[in-house]
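Have a look at the structure below, then the notes.
Throughout, a chain's letter reflects where its sequence line sits, starting with A, and its residues are numbered from 1. None of the values given here were measured: they were computed from a predicted structure.
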Protein chains: 2
Amino acid sequence: MNLTEAKAQFIQSWGILGSQWGINRTMAQIHALLVVAAKPLTTEEIMEQLSVSRGNTNMNVRELIDWGLVDKVIIKGERKEFFSAEKDIWKVATLIMYQRKKRELDPMVKVLNQLSEIEGDKEDENVKAFTEAIGNIKKFAGQAEKTLDTIIKAEENWFWSSFIKLFK
Amino acid sequence: MNLTEAKAQFIQSWGILGSQWGINRTMAQIHALLVVAAKPLTTEEIMEQLSVSRGNTNMNVRELIDWGLVDKVIIKGERKEFFSAEKDIWKVATLIMYQRKKRELDPMVKVLNQLSEIEGDKEDENVKAFTEAIGNIKKFAGQAEKTLDTIIKAEENWFWSSFIKLFK
DNA sequence: GCAATGTTTCAATTTATTTTGAAAGTTTAA
DNA sequence: TTAAACTTTCAAAATAAATTGAAACATTGC
């Protein structure tokens with residue numbers, strides 16, 4: 001396998017992985033392309049390399065910038081905008097965790113809090129079972145939240161060792 | 001909010017959360033329904049409560065069983081099959097982690113290993129950059145794998161230790 | 001065996017998501 | 001100010017994913 005094939009393969013696989021995790025394929029592919037690119041790329045180059053329309057490229061690049069995974073780069077003497085990706089995979093993982101926590105875990109916790117306050121006979125077996133189930137999920141969400149905060153704040157070096165300790 | 005409303009709300013939210021993580025909405029909703037159900041439910045009951053077809057219910061229940069999140073329950077004197085969900089949220093989380101690791105992380109690692117072996121001039125800046133990027137991702141994946149194994153094992157230990165306590 | 005009850009499959013349909021591309025908007029340099 | 005270069009938007013079209021439902025298949029009890 002040569003470099004060009006390898007890059008294409010990586011972009012392909014990263015796209016599939018992304019789509020299995022609720023990230024659209026093109027967004028993941030653009031990210032992959034920028035990760036393995038030697039230099040920042042323009043919209044034109046992304047369009048060409050991935051065979052994707054201008055609108056699609058623009059929207060997904062904007063989304064990637066929004067997630068903090070991609071940066072606009074100004075190259076002097078050039079009129080066009082260039083884009084480059086965060087290449088430190090630890091940072092990438094941290095950014096994604098942070099974004100997903102904010103967008104998905106936090107809203108879920110909000111709902112769970114509302115659900116803890118149901119009216120009804122506290123002696124009723126059904127009410128008790130429900131309250132307990134929700135309570136456990138909240139407890140879990142709380143732990144997950146703390147763990148994520150730890151990871152996000154942690155320095156790369158003691159990152160995993162401290163993470164693992166949480167479960168010992 | 002009363003119990004019925006709260007259950008509906010929970011099922012709704014769990015469904016949305018699932019779909020953001022690449023799990024189909026109905027599958028997540030069936031799981032949620034079974035988690036908050038006081039008793040094991042039949043296909044009929046699931047169909048009715050979620051307004052979903054028989055085929056859809058059957059397929060998603062099967063998938064949940066496949067993930068280890070739901071069990072078939074035989075109730076004596078009853079002809080029908082009943083289904084009940086794992087209610088321990090930690091176990092649910094580890095089961096999901098295990099399945100996703102197996103289905104998504106492992107294949108990605110396999111691809112990454114192939115990509116490390118590209119042909120080409122080792123002095124070429126482009127080749128060097130690519131190899132390094134892939135190397136970092138592999139390192140990350142390796143760490144993630146180890147961490148997941150630790151979590152999953154920790155959970156097993158917890159399971160067995162509490163199981164043993166039952167006989168003390 | 002066979003009818004009743006229950007489960008599974010899958011082609012067709014519906015629904016949801018992604019993508020396109022042309023038009024509108026913006027910035028730049030002369 | 002103007003026009004060329006470039007970016008953004010969004011309604012419509014294409015694509016992908018989930019869902020239906022009726023038919024096929026399986027199991028049970030008589």
Taking ring pair (Phe, Tyr, Trp, His ring centres under 6.0 Å) as the definition, give me every residue that meets it alongside Phe140(A), ordered by chain and number, with sequence neighbours left out.
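Partners of Phe140(A) under the ring pair (Phe, Tyr, Trp, His ring centres under 6.0 Å) test: Trp90(B).
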Apply ring pair (Phe, Tyr, Trp, His ring centres under 6.0 Å) to Phe10(B) and list each qualifying residue two or more places apart in sequence or on a separate chain.
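Applying ring pair (Phe, Tyr, Trp, His ring centres under 6.0 Å) to Phe10(B) gives Trp14(B).
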Give, ordered by number, those residues of [range] having at least one heavy-atom distance below 4.0 Å to an atom of DNA chain C; if nothing qualifies, reply none.
{"range": "residues 75-85 of chain A", "result": "Arg79(A)"}
{"range": "residues 49-62 of chain A", "result": "Ser51(A), Val52(A), Ser53(A), Gly55(A), Asn56(A)"}
{"range": "residues 39-46 of chain B", "result": "none"}

Arg62(A) and Asp66(A), any side-chain heavy atoms less than 4.5 Å apart:
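Result no, sub-4.5 Å side-chain heavy-atom pair not found.
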Side-chain heavy-atom pair Gln12(A), Val111(B) within 4.5 angstrom cut-off:
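A side-chain contact is absent here, since even the closest heavy-atom pair is not under 4.5 Å.
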Under the side chain to side chain contact (heavy atoms under 4.5 Å, CB included) test, residues paired with Lys91(A) that sit two or more places apart:
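Per chain and number, Lys91(A) pairs via side chain to side chain contact (heavy atoms under 4.5 Å, CB included) with Glu86(A), Asp88(A).
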Just how large is the angle between the end axes of the helix from dG1(C)-dC30(D) to dA30(C)-dT1(D), five pairs per end, to 10 degrees?
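Between the first-five-pair axis and the last-five-pair axis there is 20°.
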Taking only residues at least two apart or on different chains, which pairs with a member in residues 51-61 of chain A satisfy side-chain hydrogen bond (donor to acceptor under 3.5 Å, both in side chains)?
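Sorted pair list: Glu44(A)-Arg54(A).
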Name all residues meeting the side-chain hydrogen bond (donor to acceptor under 3.5 Å, both in side chains) criterion together with Thr42(A); count only those two or more places apart in sequence or in a different chain, and write none if there are none.
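Per chain and number, Thr42(A) pairs via side-chain hydrogen bond (donor to acceptor under 3.5 Å, both in side chains) with Glu45(A).
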Does one hydrophobic cluster hold both Met108(B) and Ile89(A), with members joined at side-chain heavy-atom distances below 4.5 Å?
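Same cluster: Met108(B) reaches Ile89(A) through Ile, Leu, Val, Met, Phe, Trp or Tyr contacts under 4.5 Å.
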Find the distance between [atom1] ([X]) and [atom2] ([Y]) and round it off to the nearest 0.5 Å.
{"X": "Leu112(B)", "Y": "Lys139(B)", "atom1": "CG", "atom2": "NZ", "value": "14.0 Å"}
{"X": "Ile46(B)", "Y": "Leu33(B)", "atom1": "CD1", "atom2": "CG", "value": "6.0 Å"}
{"X": "Arg100(B)", "Y": "Ile23(B)", "atom1": "CZ", "atom2": "CD1", "value": "5.0 Å"}
{"X": "Lys101(B)", "Y": "Glu145(B)", "atom1": "NZ", "atom2": "CD", "value": "3.5 Å"}

Inspect the surroundings of CZ in Phe82(B) and state if more than 12 heavy atoms from other residues, nucleotides or ligands are less than 6.0 Å away.
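Counting other residues, nucleotides and ligands, CZ of Phe82(B) exceeds 12 neighbours.
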ring-ring contact (aromatic ring centres under 6.0 Å, His included) partners of residues 42-80 of chain B, not counting sequence neighbours, each pair once
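Listed by first then second residue: nothing to list.
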Could you tell me how far apart [X] ([atom1]) and [N] ([atom2]) are, to the nearest whole angstrom?
{"X": "Gln20(B)", "N": "dA17(D)", "atom1": "CD", "atom2": "C1'", "result": "17 Å"}
{"X": "Met47(A)", "N": "dT8(D)", "atom1": "CE", "atom2": "C1'", "result": "13 Å"}
{"X": "Met27(B)", "N": "dA18(D)", "atom1": "CE", "atom2": "C1'", "result": "13 Å"}

Counting only pairs under 3.5 Å, give me each side-chain donor-acceptor contact of residues 120-130 of chain A, with atom names and distances, residues two or more places apart or in other chains.
unit_1, atom_1, unit_2, atom_2, d
Asp121(A), OD1, Glu123(A), N, 2.8
Asp124(A), OD1, Asn126(A), N, 2.8
Asp124(A), OD1, Asn126(A), ND2, 3.4

Go through DNA chain C in 5' to 3' direction and return only the first and the last nucleotide with some atom under 4.0 Å of chain B's heavy atoms.
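The contact span of chain B on DNA chain C goes from dA4(C) to dC10(C).
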